[in-house]
Amino acid sequence: MPTPTVLSPRSPRIGMLGAGFMARTHTAAARVARADLAALASSSPETASRAAAELGYASATTADELIASGLDVVHVCTPNPTHVDYARAALRAGAHVICEKPLATSAAEARELAAEAERAGRPGAVPFVYRYHPMVREARARIAEGEAGAVLTISGHYLQDWLLDPGDDDWRVSSESGGPSRAFADIGSHLVDLLEFVSGDRIARLAAVTRTVHPERGGRAVTTEDTAALAVELAGGGIGTLLVSQVAPGRKNGLTLEIAGSRESLRFEQEDPERLWVGRRGHSLLLRRDPDTLGADAARLSPLPAGHPQGYQDAFNAFVADAYAAAAGETPAGLPTFADGARAAVITDAVLASASAGTWVEVSAE
């Protein structure tokens, strides 16, 4: 197996597999990180050529040629069922890999891929980028340092409306093209990653129900869920509820997490990421992002001064910069790796199993 290259975090030569929205978001972050945009591959030569020209890549090529070309980092932004094969091939070619979620469409495959990456000394990165909002890091620090007290309850939701109507369609609605889970694997994975990251605890068991609101879209049967509702129990004893939907009118990217500790509650809303609500029995606080007053981890992710709003792309930029730093041998705090991608796949499998059986399901601690 090729020896991984040690990089300068500011100068990796990268390849992009994919040309859609996520590939464009990754590219914007790569450009901020001063990466060398070496090559892009997509589903057809025409699409690759057009996207490479638009996004500023030096060449358009095929996926196989891109992987074999000795690049430092390969970004995998292709349809879900292709993630494992592309990521594994890039690892075996000696590249560091940033792979879109879901890392795999089954927990078994995700675990195998994470294990191979770990053995190769290149643990990979999965863009659970909501970890990179400074106020998320502030919430995590307050819990880790004991300010919030023991976690008692959690509540969270991730709501969107882009598949609200029966005429709305996407390749993800079919299990053949997107995998057995859609809403939960796509956005629920972000919610459970955020829950476990902020709380410092793990989901130990869950009970889930799912619904497919529109049985047909675009003249084909819908074989994945539109919504999922979960009751969860954490290993530390906390309990809570989670709701995921891609058919919630008016909600565009409504990711919200609230954790109640024995001394204070913490609430983060992704659509208003500049603030963190801190609830206390006697009084409550609304903390605004200010690098001069935040903890060290949150301040590190606050390149702009207070009053100059940061958002989703800023979080993505910080994630990609950390992924490149990890490829250069550094150990950035909180970087989501393939192990975290495998963890999300384990929970997704548990959700599907619970919904199918109508029972509580134990979630592996791995």
Side-chain angles (χ1 to χ4, degrees), residues 2 4-5 7-104 113 117 120 122-129 132 171-172 177-178 186 312-328 335-338 341:
T5 304
L7 314 178
S8 161
R10 292 186 176 274
S11 60
R13 294 182 65 250
I14 73 161
M16 184 65 60
L17 295 176
F21 168 73
M22 291 316 307
R24 293 168 186 271
T25 304
H26 282 243
T27 299
R31 188 174 289 111
V32 171
R34 303 182 186 178
D36 177 359
L37 308 184
L40 180 147
S42 187
S43 56
S44 71
E46 295 77 19
T47 302
S49 294
R50 182 169 58 251
E54 291 175 357
L55 298 177
Y57 284 85
S59 67
T61 185
T62 67
D64 289 345
E65 290 171 344
L66 184 150
I67 289 169
S69 61
L71 297 171
D72 300 317
V73 180
V74 172
H75 292 245
V76 180
C77 300
T78 53
N80 301 349
T82 67
H83 289 178
V84 169
D85 287 345
Y86 282 146
R88 181 179 290 121
L91 284 170
R92 292 178 179 178
H96 297 267
V97 182
I98 300 174
C99 183
E100 265 300 324
K101 47 82 201 158
L103 183 61
L113 182 59
R122 283 166 276 133
V126 177
F128 290 127
V129 297
Y132 280 84
W171 58 266
R172 295 172 180 84
S177 56
D186 186 21
Y312 174 75
Q313 187 65 57
D314 296 286
F316 218 106
N317 294 352
F319 158 73
V320 167
D322 269 7
Y324 291 168
L335 175 69
T337 66
F338 278 14

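Quick note: residue numbers are just sequence positions, from 1.
- Under the side chain to side chain contact (heavy atoms under 4.5 Å, CB included) criterion, S49 pairs with A60, not counting sequence neighbours.
- Across all non-hydrogen atoms, the minimal contact from A38 to R13 is CB-NH2, 3.8 Å.
- Checked against ring pair (Phe, Tyr, Trp, His ring centres under 6.0 Å), F128 has the following partners two or more places apart in sequence or in another chain: H190.
- Taking S69 as the reference, nothing meets the side chain to side chain donor-acceptor pair (under 3.5 Å) condition, with sequence neighbours excluded.
- The CZ atom of R31 sits 11.0 Å away from atom CG of N317, with the distance rounded to the nearest 0.5 Å.
- The two residues A125 and L335 have their closest heavy-atom pair at CB-CD1, 4.3 Å.
- Between H96 and D72, every side-chain heavy-atom pair lies at or beyond the 4.5 Å cut-off.
- Of all heavy-atom pairs spanning G341 and V126, the tightest one is CA-CG2, 4.1 Å.
- In plain terms, the two heavy atoms of N80 and G178 that are nearest each other are ND2-O, 2.9 Å.
- E65 is linked by a salt bridge (Lys or Arg N to Asp or Glu O under 4.0 Å) to nothing, counting only residues two or more places apart in sequence or in another chain.
- Residues A41 and T62 come closest through the heavy atom pair CB-C, 3.5 Å.
- Scanning for side chain to side chain donor-acceptor pair (under 3.5 Å) contacts around D322 gives Y132, R300, with sequence neighbours left out.
- Evaluation of the side chain to side chain donor-acceptor pair (under 3.5 Å) rule for H83 yields no partner, not counting sequence neighbours.
- Looking at R24 and E54, their side chains come closer than 4.5 Å, going by heavy atoms from C-beta outward.
- Of the candidates D85, L17, L103, I98, L17 is the only one forming a side chain to side chain contact (heavy atoms under 4.5 Å, CB included) with V76.
- Between F338 atom CZ and R122 atom CZ the span is 10.0 Å, to the nearest 0.5 Å.
- Once rounded to the nearest 0.5 Å, the distance linking CG of L66 with OH of Y86 reads 10.0 Å.
- The salt bridge (charged side-chain N to carboxylate O under 4.0 Å, His left out) contacts involving residues 94-103 comprise K101-D186, where partners must be two or more places apart or lie in separate chains.
- Taking 4.5 Å as the limit, some side-chain heavy atom of L91 sits within range of a side-chain heavy atom of L113.
- Under the side chain to side chain contact (heavy atoms under 4.5 Å, CB included) criterion, P79 pairs with P81, T82, W171, sequence neighbours left out.
- Shown here are the side chain to side chain contact (heavy atoms under 4.5 Å, CB included) partners of A30, two or more places apart in sequence or in another chain: I14, A35, L37, Y324.
- By the side chain to side chain contact (heavy atoms under 4.5 Å, CB included) test, A89 pairs with I67, sequence neighbours left out.
- Applying the salt bridge (charged side-chain N to carboxylate O under 4.0 Å, His left out) definition to pairs two or more places apart or across chains, none involves residues 39-53.
- With sequence neighbours left out, S59 forms a side chain to side chain donor-acceptor pair (under 3.5 Å) with no residue at all.
- Remark: M22 CE to T27 OG1 distance equals 10.0 Å, nearest 0.5 Å.
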